[in-house]
Amino acid sequence: MSLLDTYKARLGQSHSSDWFEVTQDQVNTFADVTLDHQFIHVDPERAKNESPFGGPIAHGFLTLSMLSHFAEKALPAFEAGVIGINYGFEKVRFLTPVRVGSKIRGTFTLANVIERKPGQLQLTQDAVVEIEGSDSPALIAQWLSLVVEG
């Protein structure tokens with residue numbers, strides 16, 4: 001089966017990762033890397049007393065960056081000689097803050113496959129980061145990637 005046929009057969013399929021707990025250490029490390037030390041992320045006491053969230057929350061971009069981890073855990077592995085490359089996003093919306101201590105997971109639905117040239121596909125995944133116990137997701141995104149045969 002060709003690479004294109006393989007991915008066309010997966011259109012509409014959804015895959016979810018396992019749950020992942022967001023810790024204060026992870027949030028603090030992300031703040032150090034991005035230089036975003038806003039108190040709602042890194043000061044638990046102040047976030048509890050002064051923010052509308054009742055405690056510290058993960059950065060939206062931390063939640064977004066977890067898509068790579070979730071995809072690796074949830075999606076079928078690439079065949080030998082095939083690589084995936086992040087191509088960007090058509091849409092990203094942060095819907096619900098992720099409180100430190102929450103568990104999140106990624107769910108991906110293959111929405112579109114375009115053959116850019118032989119051996120190179122552009123995929124569109126509808127990605128959702130869910131929060132355990134919440135009716136509203138943390139984020140939704142249309143994530144673009146390239147799949148390339150080596």
Side-chain angles (χ1 to χ4, degrees), residues 3 7 10-79 81-117 120-150:
L3 188 63
Y7 281 92
R10 294 179 183 171
L11 279 169
Q13 291 183 7
S14 294
H15 301 276
S16 296
S17 70
D18 291 335
W19 293 102
F20 179 90
E21 184 175 351
V22 177
T23 68
Q24 188 65 56
D25 284 343
Q26 292 161 334
V27 171
N28 292 346
T29 299
F30 190 84
D32 290 342
V33 169
T34 61
L35 305 177
D36 180 355
H37 293 95
Q38 187 179 24
F39 81 90
I40 62 173
H41 306 301
V42 298
D43 188 334
E45 192 60 33
R46 189 171 172 203
K48 180 181 174 186
N49 294 326
E50 297 180 31
S51 82
F53 310 115
I57 60 171
H59 303 74
F61 285 125
L62 169 57
T63 305
L64 182 66
S65 70
M66 291 299 298
L67 287 178
S68 293
H69 169 73
F70 294 145
E72 180 184 355
K73 298 299 183 186
L75 297 175
F78 293 118
E79 296 175 16
V82 176
I83 60 170
I85 302 167
N86 186 6
Y87 193 58
F89 294 91
E90 289 293 348
K91 175 182 177 183
V92 176
R93 296 292 181 269
F94 300 102
L95 302 175
T96 304
V98 175
R99 294 202 45 195
V100 169
S102 296
K103 291 184 179 179
I104 59 176
R105 73 174 177 185
T107 297
F108 305 89
T109 304
L110 184 59
N112 198 17
V113 178
I114 299 169
E115 185 174 40
R116 293 170 53 109
K117 60 184 181 182
Q120 185 182 88
L121 307 178
Q122 179 180 316
L123 308 182
T124 302
Q125 296 275 356
D126 289 334
V128 178
V129 175
E130 302 169 274
I131 305 168
E132 189 175 51
S134 175
D135 291 334
S136 179
L139 71 82
I140 58 171
Q142 288 180 325
W143 190 14
L144 307 177
S145 58
L146 300 178
V147 176
V148 181
E149 287 183 306

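As a basis for the values below, the full set of heavy atoms in this structure was taken, side chains included, without hydrogen atoms, waters or symmetry mates.
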So, taking the atom named CZ in Arg105 and the one named NZ in Lys73, what distance separates them when rounded to the nearest 0.5 Å?
16.0 Å
Spacing of Leu146 atom CG and Ile85 atom CD1 [to the nearest 0.5 Å]:
5.5 Å
A side-chain contact here means heavy atoms from C-beta on lying under 4.5 Å apart; do Glu50 and Asp43 qualify?
no
If you measure from CG on Asn112 to OH on Tyr7, what distance do you get to the nearest 0.5 Å?
14.0 Å
Evaluate whether atom CD of Glu90 has more than 12 neighbouring non-hydrogen atoms of other residues, nucleotides or ligands under 6.0 angstrom away.
no
Would you mind reporting whether Ile140 and Arg93 have side-chain heavy atoms less than 4.5 Å apart?
yes
Less than 4.5 Å apart, side chain to side chain, heavy atoms only: is that true for Ile104 and Glu132?
no
May I ask you to decide if Ser136's main-chain N or O and Ser134's side chain share a donor-acceptor pair within less than 3.5 Å?
yes
Donor-acceptor check, side chain of His59 to backbone of Asp36, threshold 3.5 angstrom: yes or no?
yes
Verify side-chain hydrogen bond (donor to acceptor under 3.5 Å, both in side chains) between Glu130 and Thr107, making sure each step is shown before the conclusion.
CA-CA 8 Å; Glu130 302 169 274; Thr107 297; 2.8 Å; yes
So which atom in Ala58 and which in Thr63 form the shortest heavy-atom distance, rounded to 0.1 Å?
CB-OG1, 4.1 Å
Give, for atom CZ of Phe39 and atom NZ of Lys48, the distance between the pair rounded to the nearest 0.5 Å.
14.5 Å
Ala74 and His15 have their tightest heavy-atom pair at O-CB, 3.4 Å
Would you please test Gln120 and Val147 for side chain to side chain contact (heavy atoms under 4.5 Å, CB included) and show each step?
CA-CA 6 Å; Gln120 185 182 88; Val147 176; over 6 Å; no
When you compare the side chains of His37 and Asp32, does any donor N or O come within less than 3.5 Å of an acceptor on the partner?
yes
Tell me which one of His41, Gln24, Glu21 satisfies side chain to side chain contact (heavy atoms under 4.5 Å, CB included) with Val100.
Gln24
Kindly determine whether Leu75 and Gln125 satisfy side chain to side chain contact (heavy atoms under 4.5 Å, CB included), including the steps that lead there.
CA-CA 11 Å; Leu75 297 175; Gln125 296 275 356; 4.0 Å; yes
Shortest non-hydrogen contact between Ala141 and Phe89, atoms and distance:
CB-CD2, 3.9 Å
By side chain to side chain donor-acceptor pair (under 3.5 Å), which residues pair with Glu45, not counting sequence neighbours?
Asn49
Please find the pair of heavy atoms, one from Leu67 and one from Phe108, that lie closest to each other, and give the distance.
O-CZ, 3.7 Å
Output yes when a side-chain donor or acceptor of Gln26 lies under 3.5 Å from a complementary backbone atom of Thr23, and no otherwise.
yes
Do Trp143 and Asn86 make a side-chain contact, defined as non-hydrogen atoms from C-beta onward lying under 4.5 Å apart?
yes
Looking at Phe61, I want to see if its CZ is surrounded by more than 12 non-hydrogen atoms of other residues, nucleotides or ligands under 6.0 Å.
no
Minimum heavy-atom distance Phe70-Ser17, with the two atoms named
CD2-OG, 3.3 Å
Which atom of Ser51 lies closest to which atom of Ile40, heavy atoms considered
CB-CG2, 3.9 Å
Just verifying a value: how many Å separate Leu123 CG and Ile114 CD1, rounded to the nearest 0.5 Å?
9.5 Å
With rounding to the nearest 0.5 Å, note down the distance linking CD1 in Ile131 to CH2 in Trp19.
8.5 Å
Any heavy-atom pair between the side chains of Leu144 and Thr124 that's under 4.5 Å?
yes
